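The next block holds one structure in the form of structure tokens; read it before the comments.
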Amino acid sequence: MHLSRYFLPILKETPKEAEIVSHRLMLRAGMIRQETAGIYAWLPMGLRVLRKIEQIVREEQNRAGAQELLMPTVQPADLWRESGRYDAYGKEMLRITDRHEREMLFGPTNEEMVTDIFRASVKSYRDLPLNLYHIQWKFRDEVRPRFGVMRGREFLMKDAYSFDLDKESARHAYNRMFVAYLRTFARMGLKAIPMRADTGPIGGDMSHEFIILASTGESEVFCDKAILDLPIPGEDTDFTADLSPVITDWTTPYAATDEMHDAAAFEAVPEAERMSARGIEVGHIFYFGTKYSEPMNAKVTGPDGAEVPVHMGSYGVGVSRLLGAIIEAHHDDDGIVWPASVAPFHVGIINLKPGDAATDAACADLDAQLTKAGLDVLVDDVDSRAGAKFATMDLIGLPYQLIVGPRGLKDGVVEVKARASGERATLSPQEAVNRLIGELSS
RNA sequence: CGGGGUAUAGCGCAGCCUGGUAGCGCAUCUGCUUUGGGAGCAGAGGGUCGCAGGUUCAAAUCCUGCUGCCCCGACCA
């Protein structure tokens with residue numbers, strides 16, 4: 001991709017509405033544009049990152065045995081009357097009336113709908129366990145949207161729903177999602193800490209929020225530092241096996257949000273190991289038993305011939321929110337510092353002198369080689385000054401910059417700069433290509 | 001939903017108090033110079049001054065109402 005033809009409306013000045021750093025940087029880097037309060041258009045650069053995050057979430061859901069479907073954004077009110085939530089949900093739900101005066105709504109979540117899909121087709125315990133998920137836009141009419149995409153009204157969420165015969169098998173479904181989440185967030189360069197969350201009327205120990213630490217986080221969190229160093233389950237994890245030892249490892253060290261904080265238990269953690277910080281919730285997993293299956297009559301016949309309501313859980317990831325969360329965790333004074341796994345492009349080639357035949361040719365060759373190796377490349381071929389190019393490239397935060405100018409080429413070298421460390425290496429073009437492919441291919 | 005701000009060019013702002021027909025910086029366009037960390041000079045284009053009423057010879061400016069957006073709090077992936 002050539003920057004001269006790419007729609008990337010960079011802002012030099014910070015729009016005044018942006019308070020927190022991720023919001024500022026997303027606007028300045030031309031990733032999003034606010035259309036109205038809490039509702040954003042995703043510009044090409046922002047969309048690229050959104051898609052990469054989505055894909056990681058998808059891969060890990062699939063790996064854990066969940067199956068993707070896609071449910072609509074607009075739902076009929078009647079479905080929500082079955083669970084009683086049409087009245088209970090309140091003003092956060094965007095209600096719509098169609099031309100036939102039928103009551104509709106823009107979905108804030110999909111428990112009712114997925115339960116409807118399930119009950120229409122699944123009648124036997126033999127078809128369990130089942131986990132269905134989708135990645136779809138949601139709308140919650142927040143009283144006060146803020147922090148850019150971190151708390152928008154329209155947002156992209158992955159929500160999975162598990163169906164099991166009883167509570168014990170539901171626990172296995174829960175554990176699979178727990179492990180999938182550990183892997184998902186780690187792949188995005190985030191340290192997500194599972195914290196026990198309020199289970200409401202259901203009770204029990206099966207609800208966790210996944211929190212990443214960031215100074216601009218919305219809630220205060222307390223944890224034992226030991227949890228930060230726990231190993232992330234590998235790609236080879238067998239999701240059909242008993243995962244409870246992993247869950248035990250991850251739920252033993254103290255970790256709680258302020259709502260669930262137990263000061264006495266926290267005091268028991270050695271002082272040097274105690275940490276209190278601010279956090280952003282990026283995922284939430286929840287077992288809710290028969291809360292929907294019972295009123296909505298989603299039953300299966302068990303091995304004993306008796307009909308029982310299925311035990312369900314739901315598992316959310318705030319996909320669009322993750323962009324903000326990742327930037328909060330990965331930025332510096334000059335701009336964004338994308339982890340390679342979610343970066344909009346892997347490499348930015350800076351052509352210091354567009355129009356110079358040798359420089360243009362070198363850039364084209366480097367672009368071709370890197371692209372052929374499967375990397376996403378953005379070539380800055382804009383006729384502007386070096387300083388402006390460096391500033392732009394630092395702002396958009398691509399993991400590596402490949403700096404190509406006539407001065408270096410005369411000596412047969414180009415420069416590779418790692419965005420995160422600022423480290424620069426002067427190499428031959430071929431060495432540079434090899435180095436980048438080595439660092440970035442996965 | 002309570003409290004507080006704010007609305008003037010794509011972005012950031014001044015002008016409003018004391019009414020006289022709109023300005024600055026950045027960005028954009030043209031030309032020349034410049035060229036390894038957000039260049040300089042010269043010129044140009046771009047505005048229903050949030051909307052609707054009212055006062056006045058005259059309203060961005062004064063008055064009334066409405067709306068959008070932002071911030072603080074209560075609530076959420």
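Residue numbers begin at 1 in each chain, while the letters A, B, ... track the order of the sequences. Please read all numbers here as calculations on a predicted model, not as lab measurements.
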Footprint string (nucleotides 27-36 of chain B, 5' to 3'): B base within contact, S backbone only, - free, heavy atoms under 4.0 Å:
S------BSB
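Judged as a salt bridge (Lys or Arg N to Asp or Glu O under 4.0 Å), not a single pair has a partner in residues 340-364 of chain A (not counting sequence neighbours). Identified under the side-chain hydrogen bond (donor to acceptor under 3.5 Å, both in side chains) test for residues 220-232 of chain A, with sequence neighbours left out: none.
Atom C1' of B:rC29 sits at a distance of 42 Å from the matching atom of B:rG4, rounded to the whole Å. Nucleotides B:rU8 and B:rG68 place their C1' atoms 15 Å apart, quoted to the nearest Å. Taking atom C1' in both B:rC49 and B:rU33, one finds a spacing of 38 Å when rounded to whole Å. One P atom belongs to B:rG12, the other to B:rC57, and the distance between them is 38 Å to the nearest Å. Taking the P atom of each, B:rC63 and B:rG19 are spaced 12 Å apart, rounded to whole Å. Separation of the P atoms belonging to B:rC32 and B:rC17 is 47 Å when rounded to the nearest angstrom. Of the C1' atoms belonging to B:rG23 and B:rC66, the separation is 29 Å, rounded to the nearest Å. Comparing the same atom, C1', in B:rC24 and in B:rA14 gives a spacing of 7 Å after rounding to whole Å.
Here A:Thr251 pairs with nothing under the side-chain hydrogen bond (donor to acceptor under 3.5 Å, both in side chains) rule; sequence neighbours left out. Scanning for side chain to side chain contact (heavy atoms under 4.5 Å, CB included) contacts around A:Asp98 gives A:His100, A:Arg102, A:Met104, with sequence neighbours left out. In this structure, A:Trp250 has no ring-ring contact (aromatic ring centres under 6.0 Å, His included) partners at least two apart in sequence or on a different chain. By the ring-ring contact (aromatic ring centres under 6.0 Å, His included) test, A:Tyr400 pairs with no residue at all, sequence neighbours left out. Contacts of A:Phe178 classified as ring-ring contact (aromatic ring centres under 6.0 Å, His included), with partners at least two apart in sequence or in another chain: A:His208, A:Phe210. The ring-ring contact (aromatic ring centres under 6.0 Å, His included) test applied to A:Phe239 returns no partner, not counting sequence neighbours.
A heavy atom lying under 4.0 Å from RNA chain B marks none of the residues of residues 56-71 of chain A.
Between the side chain of A:Arg24 and the base of B:rG12 there is no donor-acceptor pair of N/O atoms closer than 3.5 Å. Not a single donor-acceptor contact under 3.5 angstrom links the side-chain atoms of A:Thr14 to the base of B:rG12.
Around the CZ atom of A:Arg81, the shell of radius 6.0 Å holds more than 12 heavy atoms that belong to other residues, nucleotides or ligands.
For the pair A:His208 NE2 and B:rA77 P, the interatomic distance rounds to 16 Å; values are reported in whole Å. Between A:Glu13 atom CD and B:rC13 atom C1' there is a gap of 9 Å when expressed in whole angstrom units. One atom, CG of A:Asp258, and another, P of B:rC76, lie 12 Å apart when rounded to the nearest Å. As a whole-Å value, the separation of A:Glu209 CD from B:rC75 C1' is 14 Å. The interatomic distance linking A:Asp198 (CG) with B:rC76 (P) rounds to 10 Å, in whole Å. If you take CG of A:Leu8 and P of B:rC11, they are 17 Å apart, rounded to a whole angstrom. In this entry the distance linking OH of A:Tyr161 with P of B:rA77 reads 12 Å, nearest Å. Remark: C1' of B:rG37 and CE of A:Met393 are 13 Å apart, rounded to the nearest angstrom.
Among the nucleotides B:rG37, B:rC75, B:rG38, the one closest to the side chain of A:Arg151 is B:rC75. Candidate nucleotides B:rC76, B:rC1, B:rG12 were compared by shortest atom distance to the side chain of A:Pro15, and B:rG12 ranks first.
Distance alone, capped at 3.5 Å, is enough to place a donor-acceptor pair between the A:Gln75 side chain and the A:Thr109 backbone. For A:Tyr174 (side chain) and A:Ser207 (main-chain N/O), a donor-acceptor pair under 3.5 Å exists by modelled atom type. A:His23 places no side-chain N or O within 3.5 Å of a backbone atom of A:Phe147 that could act as its donor or acceptor partner. Panel note: side chain A:His261, backbone A:Val221; no donor-acceptor pair is recorded below 3.5 Å. No donor-acceptor distance shorter than 3.5 angstrom exists from the side chain of A:Lys158 to the backbone of A:Tyr133, with no hydrogens or angles considered.
Across every strand in view, B:rU56 sits unpaired, with no contact that passes the Watson-Crick or G-U test at under 3.5 angstrom. Across all strands shown, B:rU33 is found opposite B:rA39 as a Watson-Crick or G-U wobble partner, with both distances under 3.5 Å. Nucleotide B:rA9 forms no Watson-Crick or G-U wobble pair with any nucleotide shown, as no partner meets the under 3.5 Å limit on both distances. When both pairing distances are held under 3.5 Å, B:rA27 makes no Watson-Crick or G-U pair with any nucleotide shown. B:rG46: no Watson-Crick or G-U partner with both key distances under 3.5 Å is found in any strand. Across all strands shown, B:rG73 forms a Watson-Crick or G-U wobble pair with B:rC1, both key distances being under 3.5 Å.
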Protein-nucleic acid N or O pairs under 3.5 Å, nucleotides 45-49 of chain B:
none

Taking N or O atoms only and anything under 3.5 Å, show me the protein contacts with nucleotides 67-71 of chain B, one pair per line.
unit_1, atom_1, unit_2, atom_2, d
B:rC69, OP1, A:Thr36, OG1, 2.5
B:rC69, OP1, A:Ala37, N, 3.0
B:rC69, O3', A:Gln34, NE2, 3.2
B:rC70, OP1, A:Gln34, OE1, 3.3
B:rC70, OP1, A:Gln34, NE2, 3.1
B:rC70, O3', A:Glu17, O, 3.4

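Using a 4.0 Å heavy-atom cutoff across all strands shown, A:Arg33 reaches no nucleic acid atom at all. In this structure, A:Glu142 reaches the bases: a heavy-atom distance under 4.0 Å links it to at least one base atom across the strands shown. A:Lys138 comes within 4.0 angstrom of nothing in the nucleic acid, heavy atoms only. Looking at heavy-atom distances under 4.0 Å, A:Gly152 makes contact with a base. Among the protein residues, A:Asp394 comes within range of the nucleic acid bases, having at least one heavy atom under 4.0 Å from a base atom.
Nearest heavy atom pair, residue A:Glu35 against residue A:Ala41, reads OE2-CB, 3.7 Å.
For the pair A:Arg95 and A:Tyr86, the cation-pi test (distance below 6.0 Å, angle within 45°) is passed.
Using a 4.0 Å cut-off between a side-chain N of Lys or Arg and a carboxylate O of Asp or Glu, A:Lys389 and A:Asp383 do not qualify as a salt bridge.
Summary of the strand contacts: A:Gly318 and A:Ala391 both lie near RNA chain B, and taking for each the nucleotide with the nearest heavy atom, the more 5' one is attributed to A:Ala391.
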